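Notes to accompany the following structure.
Atoms within a ligand are numbered from 1 in the order they appear, just like the ligands themselves. Model, not experiment: these values are computed from the prediction. All values below come from the heavy atoms of this structure, side chains included, with hydrogens, waters and symmetry mates left out.
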Amino acid sequence: MAMDRLSRRSFMKLLGLSTAAAIAPSFLRAETSDKKPNIVLIYADDLGFGDVGCYGATTVRTPNIDRIAAEGIRFTNAHSASATCTPSRYALLTGEYAWRKKGTSVLPGDARLIIQPGRTTLPSMLQKAGFATGVVGKWHLGLGSGDLDWNADIAPGPLEIGFDYAFILPATGDRVPCVYVENRRVVGLNPADPIQVDYGKPVGDEPTGKDHPELLKMHPSHGHDQTIVNGISRIGYMSGGKSARWIDEDMADTLTGKAKSFIEKNQDRPFFLYFATHDIHVPRVPHPRFVGATDMGPRGDVIAQLDFCVGEILQTLERLNLVENTLLIFTSDNGPVVDDGYKDQAVEKLGEHKPSGPLRGGKYSAFDAGTRVPFLVRWPDRIKSGSSDALVCQIDFLASFAAMFDRSLAAEDAPDSFNILPALLGQSPAGRDHLVEHAGSLSVIEGDWKYIEPGKGAKFNAATNTELGNAPEPQLYNLKTDIGEKNNVASDNPDKVQHLADLLTKIRSSPRSRP
Ligand code: NG6
Ligand code: CA
């Protein structure tokens, strides 16, 4: 007889057992593994391949993240779909390469929603499969349909594309409006002090970082000199909403608290939580208890803070006996950057730490550190721990989970999402056979080879100190023998170059790459 979670819990109580998952009799465990797992996706921001202990970092301790690696699968060739935030998140939720759609690059905080309500998304598919769906944290996919009034209902947004619950930062920590939106409303807004937002010209009489640097507790190194909120100047102008403005120092705790309550509220049914942390994006403003947690200044300290927040999620799952049947994913939206626009000592205090590990480039870059990111999957009921070098991408979650829950996809759905479930669950060493990476130039990886198409973009960004990977000539790297992309072997392998250039042309000229 099928037993739902509630009755299973009551049954365990009757037996006088509290930690059901750990010590459940075998007939109950077998029953558990036939159930839909919960899915928790922890999506860090700007966390690099080398930024955490389980990928080689030694100057910051990340015991909680490392624990997921030890108990799950640590992927070494896993990618975000793009080297910046908005396009990665667009692809993650829609299963479509963002470069196919105009208007999907890094968005201002007053952009309209770029995902069409009604289309199949990762959360809408899971919602139809019976999951409670929630997003907590950074959104950065636009809100409303143009000329948004922040003082009224904010829609369309997450609730219109498949989430039952949302507690979000509209864009990024460094972009106005600096307020949280819960479902369709700004949290804590006083109607007598309405919010106005503008990305073109100043609004109200709020001081800016440009005119009043003496008011700043953290100074910009590039950009970020418009409205000052909480002593930090941002991108964009806002006025009003004083009672609703966030305090950066409290953001990690606020978001983690909301993520934990979502898990608690939905513990008795399958749930999907997309927990998109603000850490370790700029401005890096850890809570005072993490200040000095590392010797690397704020960038290191917010890694420690991120790890603490991950620990809170792990503990919540443990407390609620949800560990065994929760598929937990930890990854990042793009690669690392050291100076991303604030003078926060990240450069001066970096020391021996290598945010990109052995890879070349970082955030914004066509070189592999742009998209190759930490990627861990843990599901004690079904997955044996280990590591995998399968080629996988976050864009694949939609097709993979659709397959897992027997949801069929229409031809136009998730056009670039592959079912890589066997790789995700550690049952197969093979993931995708190819992947298009997106930064300035497009690249394509197939097997050991990576081709970066010729492009007119700059080779180097001095402000962020990033090798962008663009070049006027074709680039070809053998990632197996040259993971650092040091030797362009295009001229020695013209056939390979031609083959990969043709593959890229084919993918680009057809509306989908999914089989
Ligand atoms: C850049 C910002 C950077 C960051 C990035 C988006 C400046 C000078 N730089 O334009 O600080 O906000 O956009 O980051 O303004 S992302 O992770 O959301 O893609
Ligand atoms: Ca990012």
Next item on the list: State whether Ser88 contributes an N/O/S atom found under 3.0 Å from the Ca ion (ligand 2).
Entry: no

Check: Looking at His140, which atoms of ligand 1 are within less than 4.0 Å of one of its heavy atoms?
Finding: 18 (O)

Check: With atoms numbered from 1 as shown, which atoms in ligand 1 lie under 4.0 angstrom from a non-hydrogen atom of Asp45?
Finding: 17 (O)

Check: Picking from Asn461, Val106, Asn334, Asp340, what satisfies side chain to side chain contact (heavy atoms under 4.5 Å, CB included) with Tyr364?
Finding: Asp340

Check: Could you state the interatomic distance from OG1 (Thr208) to CG (Leu215), rounded to the nearest 0.5 Å?
Finding: 9.0 Å

Check: Can you tell me the protein heavy atom closest to atom 8 (C) of ligand 1 and the distance?
Finding: His222 CD2, 3.3 Å

Next item on the list: Pick out which of Leu314, Ile329, Thr277 makes a side chain to side chain contact (heavy atoms under 4.5 Å, CB included) with Ile42.
Entry: Thr277

Check: Under 4.0 Å between a Lys/Arg side-chain N and an Asp/Glu carboxylate O for Arg89 and Asp333?
Finding: yes

Notebook entry, point to check: Under 4.0 Å from any heavy atom of Asp174, which atoms of ligand 1 are there?
Noted result: 3 (C), 4 (C), 11 (O), 12 (O)

Note to self: Closer than 4.0 Å to some heavy atom of Thr172 - which atoms of ligand 1 meet that?
What the structure shows: 18 (O)

Check: Which residue owns the protein heavy atom closest to atom 7 (C) of ligand 1, what's the atom, and how far is it?
Finding: His224 CE1, 3.6 Å

Next item on the list: Identify whether the distance between the nearest side-chain nitrogen and carboxylate oxygen of Glu206 and Arg234 falls below 4.0 Å.
Entry: no

Next item on the list: Please name the atom of Asp45, restricted to N, O or S, that is closest to the Ca ion (ligand 2).
Entry: OD1

Next item on the list: Look at atom 17 (O) of ligand 1 and say which protein heavy atom is nearest, naming residue and atom and giving the distance to 0.1 Å.
Entry: Lys363 NZ, 3.0 Å

Check: Between Arg289 and Asp253, is there a side-chain N and carboxylate O pair less than 4.0 Å apart?
Finding: yes

Item checked: atom 10 (O) of ligand 1: the protein heavy-atom neighbour that sits closest, reported with distance to 0.1 Å -> Arg175 NH2, 3.5 Å

Notebook entry, point to check: So, for Ala252 and Gln305, which heavy atoms are closest and what is the spacing to 0.1 Å?
Noted result: CB-NE2, 3.3 Å

Next item on the list: Could you list which atoms of ligand 1 come closer than 4.0 Å to a heavy atom of Val282?
Entry: 11 (O)

Check: Quick one: do the Asn64 and Gln315 side chains pair a donor with an acceptor below 3.5 Å?
Finding: no

Note to self: Please determine whether a side-chain nitrogen of the Lys or Arg among Arg372 and Glu485 lies less than 4.0 Å from a carboxylate oxygen of the Asp or Glu.
What the structure shows: no

Note to self: Any non-hydrogen side-chain atom of His434 less than 4.5 Å from a side-chain atom of Ile507?
What the structure shows: yes

Check: Salt bridge or not for Arg514 and Glu96, using N-O below 4.0 Å?
Finding: no

Checklist line | Residue Val106 vicinity, atoms of ligand 1 by number, heavy atom under 4.0 Å | finding: 6 (C), 13 (O), 19 (O)

Note to self: Just to confirm my output: which protein heavy-atom neighbour is closest to atom 16 (S) of ligand 1, and how far is it?
What the structure shows: Cys85 CB, 3.2 Å

Item checked: Under-4.0 Å heavy-atom contact with ligand 1, by part of Tyr364 that carries it -> side chain

Notebook entry, point to check: Does ligand 1 have an atom that lies less than 4.0 angstrom from a heavy atom of Gly341?
Noted result: no

Note to self: For the 3.5 Å polar cut-off, considering only N or O atoms, please tell me whether Thr86 and ligand 1 meet it.
What the structure shows: no

Next item on the list: Give, rounded to 10 degrees, the angle between OD1 (Asn334) and OD1 (Asp333) as seen from the Ca ion (ligand 2).
Entry: 70°

Margin query: Please list, in number order, the atoms of ligand 1 under 4.0 Å from a heavy atom of Thr84.
Written below: 19 (O)

Check: Taking side chain as C-beta onward, heavy atoms only, is Asn151 less than 4.5 Å from Val186?
Finding: no

Next item on the list: Looking only at protein heavy atoms, identify the closest one to atom 15 (O) of ligand 1 and say how far it is in Å.
Entry: Ile235 CD1, 3.3 Å

Item checked: Pairing of Asp416 and Arg512 as salt bridge, 4.0 angstrom limit -> no

Check: Heavy-atom contacts under 4.0 Å between Asp340 and ligand 1: side chain, backbone, both, or neither?
Finding: both

Notebook entry, point to check: ligand 1 versus Lys138, non-hydrogen atoms closer than 4.0 Å: side chain, backbone, both, neither?
Noted result: side chain

Item checked: Distance filter under 4.0 Å to Asn334 heavy atoms, resulting ligand 1 atoms -> 17 (O)

Notebook entry, point to check: Are Thr62 and Val310 close enough that some pair of their side-chain heavy atoms sits under 4.5 Å apart?
Noted result: no

Note to self: Nearest N/O/S atom of Asp46 with respect to the Ca ion (ligand 2), by atom name, please.
What the structure shows: OD1

